[in-house]
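Structure record follows, encoded as structure tokens.
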Amino acid sequence: MKAIQVVSPLNIKICEMEKPEIKNDQEVLVKVKAAGICGSDMHIYHGTSPVATYPRIIGHEVVGVVEEIREGVSKVKLGDHVIIDPVINCGQCYACKSGRQNVCNSLKVRGVHEDGGYREYMVVPESSLHILSKDLSWEEAVMIEPFTIAAQVCSRGNIKKEDTVFIMGAGPVGQSILQVAKKIKAKCIISDLIESRLEKAKVLGADRTINVGTENVKDIIMKETNNEGVPVVIDAVCTTKSFEDAFNYVASAGRIVVLGLNKKPSQIAQMHIMVKELDVRGSRLHNNKFPQVTAWFNNREIVAKDMISHVFHFTDIHKAIELIEDKNIENQKVILKFYE
Ligand code: MN
């Protein structure tokens, strides 16, 4: 079978490999049909991922069809369309025992710490699979994984119906958080520098958009909230400054959700956290969000096909990367397909 391997940073190639084989009764052979290219895949390609090792078959947003099973498998059957949960956890550590397997002490993510989905076949335990409606296109089904990230952010923010949420950043991550927060019936304010993203956010249901380049963010936030600030701020900009700014917008007793991998320290005084008794919470990957998010997609409660801008055959991986890196081309989700 063919696979796409990052041999070392900036060196990516299509190689010929042994097709994987089922080794125990709970495993399933999946024929891969499509896989998304995520920012974190690009970090591994560039050598800027703090966690990846090489050589690595990347790809963690993977859908396919069940091609072979053994007697121990009961949840899926031959021919089922499935999405693969990339998170692998130990089940024994403090985090796992607290029901927080996404931050397992010996966490492994397919496509990061282990080989992932940019290959024609994968063998995974059936517990990692979630069944897709056959009406969903392969490309749209890929979007379920990014939406598990958004669902995790909303649950870490403890967003409730009618809460006001301020999402900083209206890129693909901000847009998916917006859609999940709207499903929860929160009031959503979203900001960005790029007007076209804000227009998109309006279509997706944003109650108020703020152009950071031309409007005063703090004035608007205070006006929208009777000078209280917002109960939940989500920093999807992830710069040193955006994290600092979040403290200016959050209400007393509020939550700030952080999802960046930025290593540079921000300057936050203890006092601000103490005086408002804030919760500053990280959000990583997802904690058991596939069942809910897959159901939203299967039932068409979330439709994400408009967030896909380009589809390439996987053998055109170099063209796909070139497109993503071309600053002159507006792109959203770029997907590799593994069928003709
Ligand atoms: Mn992803």
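Numbering of ligands and ligand atoms starts at 1, following listing order.
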Before you tell me yes or no, could you show the steps for Lys13 and Asn11 under side chain to side chain donor-acceptor pair (under 3.5 Å), namely the whole-Å CA-CA distance, both residues' side-chain angles and the distance that decides it to 0.1 Å? CA-CA 7 Å; Lys13 64 168 196 202; Asn11 177 10; over 6 Å; no

Show the numbers, then the answer: is there a side chain to side chain donor-acceptor pair (under 3.5 Å) between Glu244 and His272? CA-CA 11 Å; Glu244 291 167 357; His272 299 303; over 6 Å; no

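Expressed to the nearest 10°, the angle at the Mn ion (ligand 1) joining SG in Cys38 with OE1 in Glu145 is 170°.
Residues Val173 and Pro146 form no side-chain contact, since every pair of their non-hydrogen atoms from C-beta on lies 4.5 Å or further apart.
Looking at Glu61, its N, O or S atom nearest to the Mn ion (ligand 1) turns out to be OE2.
Inclusion of Asp41 in the first shell of the Mn ion (ligand 1) is not supported: no N, O or S atom falls under 2.8 Å.
In this structure a side-chain-to-backbone donor-acceptor pair under 3.5 Å is missing from Gln292 to Lys289.
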